[in-house]
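Contents: one structure, followed by commentary.
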Protein chains: 2
Amino acid sequence: MKLKKKDRQEQLNQAIEQTPFITDEELAEQFQVSIQTIRLDRMELGIPEVRKRIESVAQENWDETLKALPADEVIGEVIDLELDQSAISILDIQAEHVFSRNHIARGHHLFAQANSLCVAVIDDELALTVNASIQFKRSVRLNERVVAKAKVIHTDKKRTTVEVNSHVEKELVFSGTFEMYRSTD
Amino acid sequence: MKLKKKDRQEQLNQAIEQTPFITDEELAEQFQVSIQTIRLDRMELGIPEVRKRIESVAQENWDETLKALPADEVIGEVIDLELDQSAISILDIQAEHVFSRNHIARGHHLFAQANSLCVAVIDDELALTVNASIQFKRSVRLNERVVAKAKVIHTDKKRTTVEVNSHVEKELVFSGTFEMYRSTD
DNA sequence: TCCAGTATTATGACTAGGTCCTAATAGTAA
DNA sequence: TTACTATTAGGACCTAGTCATAATACTGGA
């Protein structure tokens with residue numbers, strides 16, 4: 001027996017969510033109803049046509065591509081910077097940063113925040129990490145805000161040593177010492 | 001004076017690359033030529049129509065959404081894994097991994113490859129990095145392939161120490177020692 | 001200056017995947 | 001049987017094209 005209207009619309013909703021690229025014609029085939037019925041259903045459910053659906057999926061992607069473009073950007077948001085002296089950045093831990101199982105932030109994100117802050121604080125064309133010694137003091141969870149403070153503690157001709165301490169609220173969660181190579185080449 | 005065909009086509013290419021959502025009509029307006037000219041240009045350059053461009057951007061996004069779902073995934077591709085003993089992964093350095101200025105891979109990607117490999121090698125529910133001591137031996141460049149080898153060198157009740165060495169060809173580019181906390185909680 | 005060849009524009013027929021509106025038919029429940 | 005909802009059908013119109021043909025404009029060289 002064919003599905004009742006309500007059930008069909010429910011399934012339609014799911015089908016489109018899963019495969020937004022599907023046309024009305026294909027949906028009509030799938031549910032064994034006419035194209036017009038599919039269209040009426042879409043109207044009632046407020047679902048736009050394929051091309052608009054595709055466009056909005058594309059739009060999301062494009063926004064993210066733009067965000068990713070300045071690849072030299074610091075991981076997190078820099079809120080204070082004194083070149084060759086100190087810098088502070090914040091990173092809000094979101095779903096993409098955590099293990100899905102336990103909602104604990106993956107270590108490399110904290111590392112990335114600290115490491116890129118070290119690159120940013122150095123007033124030279126080129127800054128590369130040579131060595132680093134780091135400690136993860138406690139695990140960071142979803143929705144926590146990590147504040148990383150970098151402080152230049154030593155500089156000579158080619159090398160700069162930077163110390164980074166990251167806190168959530170008042171609690172130290174990460175600390176590291178980074179030895180950086182730099183040049184104005 | 002209006003642009004010559006060659007110059008226009010060059011700029012057209014760029015314009016579409018930057019804003020793939022633009023229609024022929026808008027492009028015709030922008031370059032002050034007829035729609036037909038824009039279409040001829042597209043044909044010659046092998047550029048598909050807006051809706052196809054939008055669809056391919058959307059398709060990329062969709063693929064990535066599916067890929068991104070297993071957020072617990074290892075950075076790089078695991079090609080060998082013996083639980084609690086050793087593991088090997090490869091990471092091909094692509095545009096998104098490097099500084100745009102000098103095409104040198106950003107340190108945190110090498111760290112992420114190594115760190116996530118340490119997580120993967122541990123045969124427990126939970127594995128978190130506690131300490132790490134790392135050295136970047138030489139900078140890695142665009143299109144190079146980094147092979148990371150992880151080896152468990154010590155284990156007790158709650159802690160596991162893993163050593164990771166990453167090579168490009170025969171050359172050591174990164175090495176680190178990771179102290180991991182784990183539990184079957 | 002004219003001529004050839006290239007570049008540009010115009011026009012018309014056709015397409016996919018729709019919207020919007022009207023109208024006919026089918027199914028169901030009181 | 002009647003009333004109402006659900007479904008289907010049809011036609012006009014839309015956008016953003018493709019493909020083919022033809023006319024016009026521009027430009028460099030003999």
Side-chain angles (χ1 to χ4, degrees), chain A residues 1-69, chain B residues 1-69 95-96:
Chain A
M1 180 192 140
K2 267 202 201 173
L3 291 161
K4 288 261 183 281
K5 185 180 178 181
K6 224 181 147 183
D7 297 333
R8 187 189 56 232
Q9 291 194 342
E10 221 166 283
Q11 293 196 26
L12 188 77
N13 223 333
Q14 287 180 27
I16 292 177
E17 212 157 297
Q18 278 167 39
T19 42
F21 302 78
I22 198 167
T23 61
D24 287 356
E25 198 177 355
E26 292 167 316
L27 286 163
E29 172 69 17
Q30 188 173 311
F31 288 98
Q32 285 296 303
V33 292
S34 68
I35 289 191
Q36 284 72 10
T37 301
I38 296 294
R39 289 183 178 161
L40 272 176
D41 286 347
R42 274 201 299 102
M43 295 303 149
E44 286 178 23
L45 297 169
I47 299 171
E49 58 165 292
V50 212
R51 292 181 293 217
K52 302 224 165 128
R53 296 197 299 266
I54 290 176
E55 188 162 357
S56 65
V57 172
Q59 197 65 59
E60 279 173 43
N61 186 25
W62 201 246
D63 295 348
E64 287 190 16
T65 306
L66 288 181
K67 265 186 231 155
L69 263 182
Chain B
M1 182 192 140
K2 270 202 200 170
L3 290 161
K4 289 261 183 281
K5 184 181 178 180
K6 226 182 149 183
D7 298 335
R8 187 190 56 233
Q9 291 195 342
E10 222 165 281
Q11 292 196 25
L12 188 77
N13 223 332
Q14 287 181 25
I16 292 177
E17 212 156 295
Q18 279 167 38
T19 42
F21 303 78
I22 198 167
T23 61
D24 287 356
E25 198 178 355
E26 292 167 316
L27 286 164
E29 172 69 17
Q30 189 173 309
F31 287 98
Q32 284 296 304
V33 291
S34 69
I35 289 192
Q36 284 72 11
T37 302
I38 295 294
R39 289 183 177 160
L40 273 176
D41 284 348
R42 273 202 300 100
M43 296 302 149
E44 287 177 22
L45 297 169
I47 299 171
E49 59 165 292
V50 211
R51 292 182 291 216
K52 302 225 164 128
R53 295 197 301 264
I54 290 176
E55 187 162 358
S56 65
V57 172
Q59 197 63 59
E60 278 174 43
N61 187 25
W62 202 247
D63 295 347
E64 284 193 14
T65 307
L66 292 180
K67 264 188 233 153
L69 268 179
E96 68 264 33

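Naming: A, B, ... by sequence-line order, numbering from 1 per chain.
- Rounded to whole Å, the distance from NZ on B:K52 to C1' on C:dG17 is 13 Å.
- Rounded to an integer number of Å, the gap from A:K5 NZ to D:dT5 C1' is 8 Å.
- Looking at heavy-atom distances under 4.0 Å, B:I35 makes no contact with the nucleic acid at all.
- The distance from atom NZ of B:K4 to atom C1' of D:dA25 is 13 Å, rounded to the nearest whole Å.
- At the phosphate of C:dT8, neither OP1 nor OP2 sits under 4.0 Å from any side-chain N or O atom of B:T37.
- Between the CG atom of A:D41 and the P atom of D:dT7 there is a distance of 7 Å, given to the nearest Å.
- Separating the CD atom of B:E44 from the P atom of C:dT6 is a distance of 12 Å, rounded to the nearest angstrom.
- Distance, B:E29 CD to C:dT9 P: 13 Å, rounded to whole Å.
- For the pair B:Q32 CD and D:dA25 C1', the interatomic distance rounds to 17 Å; values are reported in whole Å.
- Between the NZ atom of B:K6 and the C1' atom of C:dT6 there is a distance of 15 Å, given to the nearest Å.
- Shortest non-hydrogen contact noted between B:V57 and B:P20 is CG2-CG, 4.2 Å.
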Residue pair A:I16, A:R42: steps toward the side-chain contact (heavy atoms from CB on, under 4.5 Å) verdict: CA-CA 10 Å; A:I16 292 177; A:R42 274 201 299 102; 4.3 Å; yes
task: Please lay out, stage by stage, how A:E44 and A:R39 fare under the test salt bridge (Lys or Arg N to Asp or Glu O under 4.0 Å).
output: CA-CA 9 Å; A:E44 286 178 23; A:R39 289 183 178 161; over 6 Å; no
- prompt: Base, backbone or nothing for each nucleotide of nucleotides 10-22 of chain D, written B, S, -, heavy atoms under 4.0 angstrom, 5' to 3'?
  reply: B----BBBB----
Salt bridge (Lys or Arg N to Asp or Glu O under 4.0 Å) evaluation trace for A:E10 with A:K4: CA-CA 10 Å; A:E10 221 166 283; A:K4 288 261 183 281; over 6 Å; no
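- When all heavy atoms are compared, the tightest approach of B:I22 to B:V50 is O-CG1, 3.5 Å.
- At a cut-off of 3.5 Å, with distance as the only test, no side-chain donor of A:Q59 or A:S56 sits close to an acceptor on the other residue.
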